[in-house]
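Working notes, beginning with the structure itself.
In the text below, chain A, chain B and the rest are named by the order of the sequence lines, each starting its count at 1. Please read all numbers here as calculations on a predicted model, not as lab measurements.
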Amino acid sequence: MPELAEVAYACSLWNPGLGSVVEEVICHPKSRVYRELDRKVLEEELVGEKLASAETHGKQMLFGLSGGNWMGLHLGMTGWLSVEDENYEAGKHDALVLRQSKRALVFRDPRQFGKLTLDQGKGKPEWWELLPPLMTCPEFTMELLKKVLKRHGRQPIKALLLDQRYFPGMGNWMADEVLWRAGIQPAKLSGKIETSKQKLLFEKIVFVALGAMDSVGKFGGDPPEDWLFHVRWKDGLLCPNSGEPLVREKIGGRTTCWSPALQK
DNA sequence: ATACCTGTTTCCCG
DNA sequence: CCGGGAAACAGGTA
């Protein structure tokens with residue numbers, strides 16, 4: 001589920017735990033989300049510290065703890081956060097449970113493609129500071145987009161949009177939404193996009209990122225009614241704008257929904 | 001049983 | 001060394 005706005009929303013679900021001490025850390029003994037991270041270290045460091053801050057950047061999350069620990073979290077394909085009551089018992093797919101006096105903060109991830117990290121230090125970890133500019137900030141510019149399109153000119157634009165080095169937070173449904181709105185075929189090679197369409201592409205990237213954060217990011221749920229989002233998930237539906245059939249096919253390794261009538 | 005999946009990393013190729 | 005594509009990761013769901 002989680003791309004840009006869903007990650008922001010999931011992160012906000014742990015807000016009730018801000019300012020409260022972590023009393024117990026329960027780590028799934030097998031889950032792959034720990035990767036290089038030692039479960040024992042995570043437990044020793046977090047127990048007794050307050051959850052002090054929570055923020056997201058694209059698909060990345062960073063939780064600050066009062067004692068100078070920073071827990072990084074990526075939700076992968078099926079990760080999600082929730083708040084349960086203080087007596088909650090970890091379930092089969094609960095990768096991590098942080099128990100506080102009045103609630104339990106839960107990170108659940110059945111497919112275990114998510115990832116947990118821990119850094120220590122006064123300031124935020126270096127990897128966090130080095131994340132690329134958000135699509136909604138002033139440093140994300142038309143010049144940057146042009147450079148990326150040129151550098152990866154042989155890459156289908158759909159595949160390029162999913163590259164987190166340039167479009168942090170962009171996920172599969174967002175990329176389809178952007179290309180549908182910009183009127184660009186997903187398989188079009190990035191280097192072949194006309195100058196006029198480059199401008200449109202830039203505007204739609206920003207529009208979709210802002211619109212998603214404004215709806216999904218704030219309240220969970222779905223984007224506005226007139227988004228491709230609502231018809232992209234199954235075969236045989238019509239393009240809301242042209243009335244012509246939508247196509248669903250694998251492009252850039254991912255299921256892609258697009259409107260041949262509108263996207264050239 | 002089969003196919004599919006909102007993400008990333010690794011491996012292999014040219 | 002690089003860019004690009006496919007496979008792998010693991011389990012739920014249709």
*Counting only side-chain N and O atoms of A:Q164, is one of them less than 4.0 Å from OP1 or OP2 of B:dG7?*
no
N-O pairing of A:R181 and A:E177 below 4.0 Å: yes
Would you say a side-chain N or O of A:H93 is under 4.0 Å from OP1 or OP2 of C:dG11?
-> no
Fill in: Under 3.5 Å side-chain donor-acceptor pair for A:W127 and A:D119
yes
A:H74 NE2 to B:dT8 P, in whole Å, measures 4 Å
Check: Any side-chain N or O of A:K115 less than 4.0 Å from the OP1 or OP2 oxygen of B:dT8?
Finding: no
Compare side-chain N and O positions of A:K250 against OP1 and OP2 of B:dC5 and report whether any pair is under 4.0 Å apart. yes
When you measure from the centre of the six-membered ring of A:F207, is the NZ or CZ of A:K204 closer than 6.0 Å and no more than 45° off the axis?
yes
A:R35 CZ to B:dT8 P, in whole Å, measures 11 Å
Would you kindly say whether A:S53 and A:E55 are connected by a side-chain donor-acceptor distance under 3.5 Å?
no
Walking DNA chain C from its 5' end, the first of A:G252 and A:R151 to be reached, judged by nearest nucleotide, is A:R151
Rounded to whole Å, the CG-P distance (A:L116 to B:dT8) equals 15 Å
- prompt: Are A:E6 and A:W80 linked by a side-chain donor-acceptor pair shorter than 3.5 Å?
  reply: no
Original post:
What nucleic acid atoms does A:G253 come within less than 4.0 Å of, heavy atoms only: base, sugar-phosphate, or nothing?
Top reply: nothing
Rounded to whole Å, the CG-P distance (A:L161 to C:dG4) equals 14 Å
task = Kindly say if A:Q112 contacts the phosphate of C:dG11, meaning a side-chain N or O under 4.0 Å from OP1 or OP2.
result = yes
**Asked** So, are A:D163 and A:R165 salt-bridged, with charged N and O less than 4.0 Å apart?
**Response** yes
Each base of DNA chain B marked ( ) or [ ] if paired in-strand (Watson-Crick or G-U under 3.5 Å), | if paired to another strand and . if unpaired gives .||||.||||||||
Taking the six-membered ring of A:W227, is the NZ or CZ of A:R232 close enough (under 6.0 Å from the centre) and on axis enough (within 45°)? no
The residue, A:R32 or A:K92, whose nearest nucleotide of DNA chain C is more 5′ is A:R32
Here the distance between atom P of C:dT13 and atom NZ of A:K234, to the nearest Å, is 19 Å
Report task. Check whether any side-chain nitrogen or oxygen of A:R254 sits under 4.0 Å from OP1 or OP2 of B:dG7, and answer yes or no. Result -> yes
